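Just so it is clear, the model here is predicted, and its values are computed rather than measured.
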There are 2 protein chains.
Amino acid sequence: MLGAMDLRHVRCFVAVAGAGTVTGAAHGLGLAPASVSEQVRRLEAGLGVPLFERTPRGMRLTRHGSELLGRAQALLDHAEEVRRAVTGERRRVTVGALEMLAATRLPAVVRRLSERRPDLDVDVRSLPRQALLAELSGGGVDAALLLDAGPEVGTLGFDAPPDLDFLDVGEVALVLVAAPDGDRDPLLVSSAGCSIRLAADRLFGAQAPRRELTSVATAREWARQGFGRSLLPDFAVEADLASGALVPLGHDAPRLALRLVWPRGREEALRDVLYAMSEPRPSR
Amino acid sequence: MLGAMDLRHVRCFVAVAGAGTVTGAAHGLGLAPASVSEQVRRLEAGLGVPLFERTPRGMRLTRHGSELLGRAQALLDHAEEVRRAVTGERRRVTVGALEMLAATRLPAVVRRLSERRPDLDVDVRSLPRQALLAELSGGGVDAALLLDAGPEVGTLGFDAPPDLDFLDVGEVALVLVAAPDGDRDPLLVSSAGCSIRLAADRLFGAQAPRRELTSVATAREWARQGFGRSLLPDFAVEADLASGALVPLGHDAPRLALRLVWPRGREEALRDVLYAMSEPRPSR
DNA sequence: GGGCCGCGTTCGGGAAGACCGTATGCTCGG
DNA sequence: CCGAGCATACGGTCTTCCCGAACGCGGCCC
């Protein structure tokens, strides 16, 4: 029969649309690029409609492809939901987060989720941001918790794939701190790419004398020892502020959003989960 | 990947569940029984759950199978809907009806449908009742128009598959008629299996002297020529009553329901269509 | 401008699966 | 006790899946 739409083809299509390249999608699917390319072409043949424009830089969705993407995602989710319902298999949700957040802020979010949806198995993966965003598109994680700011994903200063949707589920305050009698310069920053570093760049530009260190923890340590000031997240300096090891330097402390990000088009399947993660607990 | 649910398997499963036998499903699918059997077993293996109890008389759904059936139908309909949305293909609905109704009462129903849903292509198939019911289960027709009575499908006196749902969209009055100066006996009835005949049997039982003829039209002709009385549907005798060729014999004329029947579990995909067929027209 | 890299695709081949026709075992109804 | 109807096992053909390797293409950098 013509146009029978094999789900295998649809899975490949979604992966390619998400990754933007056949190669990337093949990686995510654990297949060879040749196979993925064939599946996509077979889907196009079955539908009788071109889904991608082939460019030497990747695959761009055609009008028909865009039409299909959301529905294809929903269809795959539907199939998954049917399978779960019949096998009685528990639903498994994978949420990723930046390492820093996985250790500090994610537990509260996951606890909220587990309390409100005890039927869910929640996996946690801790990844650097770019890997996180890649896994989001590739389906390795269902949702990701990261730091950001502004009205869209990436406003903080990183490149995000399009077609991501988000919800802010909390705030992180940044505090400019130094040792009570330590130096005020240079500005101690973590390595490029770190969310806190991006925030520091946005706040101070490039003109302030800076010293780049490997991590937030290192920057805090150097500040504590009096080698400069540093812009650090509240949860990293609470103890030191309380003990007096660090003091705030009264500066317009910008707040970052604790942002839950997921691939647009999967609202249907994720809505209840996202809701359970973002809402305040019913009691208390 | 395990448990990936091929839609091909699901199609076979639904067909088998509908037909009750692998052989019947294979017929409907245009496949060999061996192939269908294999697909179903593969689906069961993929889900890790038995879907049927095998008996020498056919296949009976297990608990898991029943769980799956409705969802599987919905999933297939979803896939179809996605395909249509992307290809821009018009939706095609096949409605079947008893021959008698296809000629007399179906046009009004189809007109109603076409006016309210001009985006639909409506096919009409005219079949005897048992073939109609078989096609309903097999998917050859999406909905069927037939005559029935009472609170469930088949109450009029025929065997209907379970898992059919229905909506009464009109009535057919039965009139006991004879020629003005013709004989009153015997009771002229159409051949066994005809809906009108079933109604006559229910009304008069087997005790009345009867003469069996091949069709409703024949029975009417014999009555017109004075060879007995006959229980006939209103649309078949309107002209003769008006002209005086036949006269009503004042009897508690039972009314039959003009009944729209469809496979339970496809409401999701058919709801709008059924609604458009059953509602009175918005204007007038 | 000439390598060079990453892209999608083509090609040949091996393995899995779809499908067929036939044969077998099973249980009913006659 | 036999035949009808059922699901299934078996052997075979053809399609599809998937791979690794090679090809053609367009940017990019020295």
Side-chain angles (χ1 to χ4, degrees), chain A residues 1-47 50-62 64-65 76 130 134 137-138 159 161, chain B residues 1-62 64-65 76 130 134 137-138 159 161:
Chain A
M1 179 153 87
L2 197 102
M5 271 232 298
D6 193 326
L7 284 189
R8 207 182 314 235
H9 300 161
V10 177
R11 262 181 280 273
C12 284
F13 163 77
V14 170
V16 171
T21 78
V22 169
T23 311
H27 229 230
L29 292 167
L31 295 179
S35 309
V36 176
S37 179
E38 184 184 353
Q39 303 295 323
V40 171
R41 246 173 310 112
R42 226 171 266 276
L43 178 60
E44 288 176 314
L47 293 176
L51 298 172
F52 291 104
E53 292 172 27
R54 272 72 171 175
T55 83
R57 331 237 338 130
M59 311 274 280
R60 189 170 37 255
L61 285 170
T62 63
H64 289 115
L76 293 179
Q130 289 315 312
S137 299
D159 284 334
Chain B
M1 177 151 92
L2 197 102
M5 272 232 296
D6 193 327
L7 284 189
R8 205 181 316 233
H9 299 160
V10 177
R11 261 181 281 271
C12 284
F13 163 77
V14 169
V16 172
T21 78
V22 169
T23 312
H27 229 229
L29 292 167
L31 295 179
S35 308
V36 176
S37 179
E38 185 184 353
Q39 303 297 321
V40 171
R41 247 173 310 115
R42 227 171 265 276
L43 178 60
E44 288 177 314
L47 293 176
V49 155
L51 299 172
F52 291 103
E53 292 171 26
R54 271 72 171 174
T55 83
R57 331 239 338 131
M59 311 273 281
R60 188 169 37 257
L61 284 170
T62 63
H64 289 115
L76 293 180
Q130 290 314 313
S137 298
D159 284 334

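Between the CZ atom of A:Arg60 and the P atom of C:dC7 there is a distance of 15 Å, given to the nearest Å. Between the CD atom of A:Glu53 and the C1' atom of D:dC25 there is a distance of 16 Å, given to the nearest Å. Rounded to an integer number of Å, the gap from CG of B:Leu43 to C1' of D:dA7 is 17 Å. Atom pair B:Leu51:CG and D:dT8:P shows a separation of 12 Å (rounding to whole Å applied). Rounded to whole Å, the distance from CG on B:Leu61 to P on D:dA7 is 13 Å. In this structure, CZ of B:Arg57 is placed 11 Å from P of D:dA7, rounded to the nearest angstrom. Separating the CE atom of B:Met59 from the P atom of C:dT27 is a distance of 16 Å, rounded to the nearest angstrom. The separation between B:Arg54 atom CZ and C:dG25 atom C1' is 16 Å, rounded to whole Å.
Looking at A:Val40 and A:Val22, their side chains never come closer than 4.5 Å, going by heavy atoms from C-beta outward.
Taking every heavy atom of residues 14-22 of chain B and every atom of DNA chain D, pairs under 4.0 Å involve B:Thr21, B:Val22, by number.
Remark: the backbone N or O of A:Arg60 is not paired with any side-chain donor or acceptor of A:Glu53 at under 3.5 angstrom. The closest donor-acceptor contact from the side chain of A:Gln39 to the backbone of A:Arg11 lies at 3.5 Å or more, if one exists at all.
Here the straight-line distance linking atom CG of A:Leu7 with atom CG of A:Leu76 works out to 6.0 Å at 0.5 Å rounding. With values rounded to the nearest 0.5 angstrom, B:Arg8 atom CZ is found 13.0 Å from B:Leu43 atom CG. We find the CZ-OG1 distance between B:Phe52 and B:Thr21 to be 10.0 Å, quoted to the nearest 0.5 Å. Taken from NE2 in B:His9 to CD in B:Glu38, the straight-line distance is 8.0 Å, to the nearest 0.5 Å.
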Could you go over nucleotides 16-20 of chain D and give all protein N or O partners under 3.5 Å, atom names and distances?
from: D:dC17; atom 1: OP1; to: A:His9; atom 2: NE2; distance (Å): 3.0
from: D:dC17; atom 1: OP2; to: A:Arg42; atom 2: NE; distance (Å): 2.6
from: D:dC18; atom 1: OP2; to: A:Gln39; atom 2: NE2; distance (Å): 3.2
from: D:dC19; atom 1: OP1; to: A:Gly30; atom 2: O; distance (Å): 3.4
from: D:dC19; atom 1: OP2; to: A:Ala32; atom 2: N; distance (Å): 2.4
from: D:dC19; atom 1: OP2; to: A:Ser35; atom 2: OG; distance (Å): 2.8

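For the OP1/OP2 pair of C:dG8 and a distance below 4.0 Å, the side-chain nitrogens and oxygens of A:Thr23 include at least one atom meeting the criterion. OP1 or OP2 of C:dT10 sits under 4.0 Å from a side-chain N or O of A:Arg41.
Across all non-hydrogen atoms, the minimal contact from B:Thr62 to B:Pro50 is OG1-O, 2.8 Å. In this structure, B:Ala19 and B:Ala25 approach most closely via the heavy-atom pair CB-N, 3.6 Å.
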